[in-house]
2 protein chains.
Amino acid sequence: MDDTNQTPYVETVDASFLETLVGYNARRAALVVIDQFMQRMAPFDLRTVDFSVLSLITHNPGITSRQLCANLNILAPNLVAMINSLEKKKLIARKPHPLDGRAMGLHLTAKGQKLMVEAEKAVNQLELDATNRLTAAERKTLLVLLKKIYK
Amino acid sequence: MDDTNQTPYVETVDASFLETLVGYNARRAALVVIDQFMQRMAPFDLRTVDFSVLSLITHNPGITSRQLCANLNILAPNLVAMINSLEKKKLIARKPHPLDGRAMGLHLTAKGQKLMVEAEKAVNQLELDATNRLTAAERKTLLVLLKKIYK
DNA sequence: TATTGTTATACTCTATAACTATA
DNA sequence: TATAGTTATAGAGTATAACAATA
């Protein structure tokens, strides 16, 4: 008798099929970078999504909740608590929208501006660290190729 | 008086800072591809994570829960229900591990094998569709660069 | 009639502690 | 003493329906 019918077991896992998939690789890379992102933002008491919201407000003073939702793939009901929290921390302020009485424009406070200068500095450094195995050209190529997938 | 002090509002949102970030771009690309993935797997009644689990079992007959967790970043308690569900659907079967009495080796059933042949076909086609704006060389480059981030 | 912002709520995903049986 | 698998449970993230105020 040979051992053809013995129950097999696995010593080293072969993930080569999954590793051919763009979605699998993009998700794993994103998780690694976002994990480092969370660590760097912890001193600022910001989650990834909080940084994204504050960054869009930074570069788009007067942006509305509706516009934030559309750009960050957040549903409106789930944004409410985030905005309330950032307002409670005195990082942002709501002002009436000059053209639409239903909407509120979102703005950084002085405290929020100061925080975001430091936070964006930290993020820029994180980018260098997270991609330190890529050349500058490779990093640029990566961003171009990723945008071709989703834009 | 000029309009310097008027409250500003936003017509077109500028996300250019976020778009310089590898994590942001990788996450958005992953979400787009995974959304298409979910649609293609729906006819097979598989979620993304179910496909990943079944794919690893396909290419690693006898793999254990522990090994699945380590390779897919799933916590052991959260894998239990998935394995039970796949077993209930007669796609996989547990067999005693030949070397470790605590562990169970996971194997595809004939039904599971049949399903995975079709599912992997569908996934290969999805890959081509999701990356149809990339050349074959660009697609290869993208996978290489993403692996340099997380491996 | 449609849209902005909101509340309430449900569902899914992820995380932690603790147990059992085997190593 | 440590590990594989499991249970129970808590917390975070994501989803839908419905409402008031305004367009």
Side-chain angles (χ1 to χ4, degrees), chain A residues 7 9-11 13 27-28 30-31 34-35 37-38 41-42 45-53 57 60 62-88 92-107, chain B residues 7 9-11 13 27-28 30-31 34-35 37-39 41-42 45-53 56-57 60 62-88 92-107:
Chain A
T7 305
Y9 65 94
V10 175
E11 289 180 351
V13 174
R27 180 160 188 275
R28 287 203 58 170
L31 288 177
I34 290 169
D35 185 67
F37 198 104
M38 289 192 295
M41 287 301 105
D45 196 25
L46 297 179
R47 296 168 306 158
T48 306
V49 65
D50 296 320
F51 176 86
S52 299
V53 166
I57 298 173
N60 302 273
I63 193 172
T64 65
S65 292
R66 174 80 179 68
Q67 290 174 312
L68 285 174
C69 287
N71 276 272
L72 295 175
N73 264 320
I74 302 171
L75 293 172
N78 300 328
L79 184 65
V80 175
M82 298 181 210
I83 297 296
N84 286 340
S85 168
L86 294 172
E87 192 180 31
K88 197 170 182 181
I92 66 172
R94 293 175 224 231
K95 298 181 186 173
H97 193 283
L99 300 183
D100 188 335
R102 296 168 302 184
M104 296 295 287
L106 301 172
H107 303 260
Chain B
T7 304
Y9 65 95
V10 175
E11 288 179 351
V13 174
R27 181 160 187 274
R28 287 203 57 171
L31 287 177
I34 290 169
D35 185 68
F37 198 104
M38 289 192 295
Q39 293 175 35
M41 286 301 106
D45 195 25
L46 296 180
R47 297 169 306 160
T48 305
V49 65
D50 296 319
F51 177 85
S52 299
V53 166
L56 284 186
I57 298 173
N60 301 272
I63 193 172
T64 66
S65 291
R66 173 80 179 69
Q67 289 173 313
L68 284 174
C69 287
N71 277 271
L72 295 174
N73 263 319
I74 303 171
L75 293 171
N78 300 328
L79 184 65
V80 176
M82 299 182 211
I83 296 296
N84 285 340
S85 169
L86 294 173
E87 192 180 31
K88 197 171 180 179
I92 65 172
R94 293 175 222 231
K95 298 182 187 172
H97 193 284
L99 298 184
D100 188 335
R102 298 168 300 182
M104 296 294 287
L106 301 173
H107 304 260

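What you see is a predicted model; the values in this text were computed from it and never measured. Numbered from 1 within each chain, the chains take letters A, B, ... in sequence-line order. The figures here come from the full heavy-atom set of this structure, side chains too, leaving out hydrogens, waters and symmetry mates.
- Within 4.0 Å (heavy atoms only), A76(B) reaches at least one base atom of the nucleic acid.
- Note that CG of L68(B) is 8.5 Å distant from CG of N60(B), once rounded to the nearest 0.5 Å.
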Would you mind building the protein contact string for nucleotides 11-20 of chain D? One character per nucleotide, 5' to 3', B for base within reach (heavy atoms under 4.0 Å), S for sugar-phosphate only, - for untouched.
--SBBBB---
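- Within a 6.0 Å radius of CZ in R28(A), more than 12 heavy atoms belonging to other residues, nucleotides or ligands are found.
- At a cut-off of 3.5 Å, with distance as the only test, a side-chain donor of Q39(B) or D35(B) sits close to an acceptor on the other residue.
- Taking the nucleotide of DNA chain C with the nearest heavy atom to each of D100(A) and N84(A), the more 5' of the two is matched to D100(A).
- Note that the first and last nucleotides of DNA chain C, 5' to 3', having any atom under 4.0 angstrom from a heavy atom of chain B are dC13(C) to dA23(C).
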With side chain to side chain contact (heavy atoms under 4.5 Å, CB included) as the criterion, how do E87(B) and R94(B) come out once you've worked through the C-alpha distance, each side chain's angles and the decisive distance to 0.1 Å?
CA-CA 8 Å; E87(B) 192 180 31; R94(B) 293 175 222 231; 3.0 Å; yes
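- Under the 30°/60° scheme for interplanar angles, the aromatic rings of H97(B) and Y9(A) are found to be tilted.
- Here the CG atom belonging to D100(B) is positioned 11.5 Å from the CZ atom belonging to R66(B), to the nearest 0.5 angstrom.
- R66(A) has no side-chain polar atom (N or O) that falls below the 4.0 Å cut-off from OP1 or OP2 of dT22(D).
- Atom CD1 in I83(A) sits 5.0 Å away from atom CG in L106(A) (nearest 0.5 Å).
- Residue L79(A) is tested with I74(A), L72(A), V49(A) for a side-chain contact (heavy atoms from CB on, under 4.5 Å); the sole match is I74(A).
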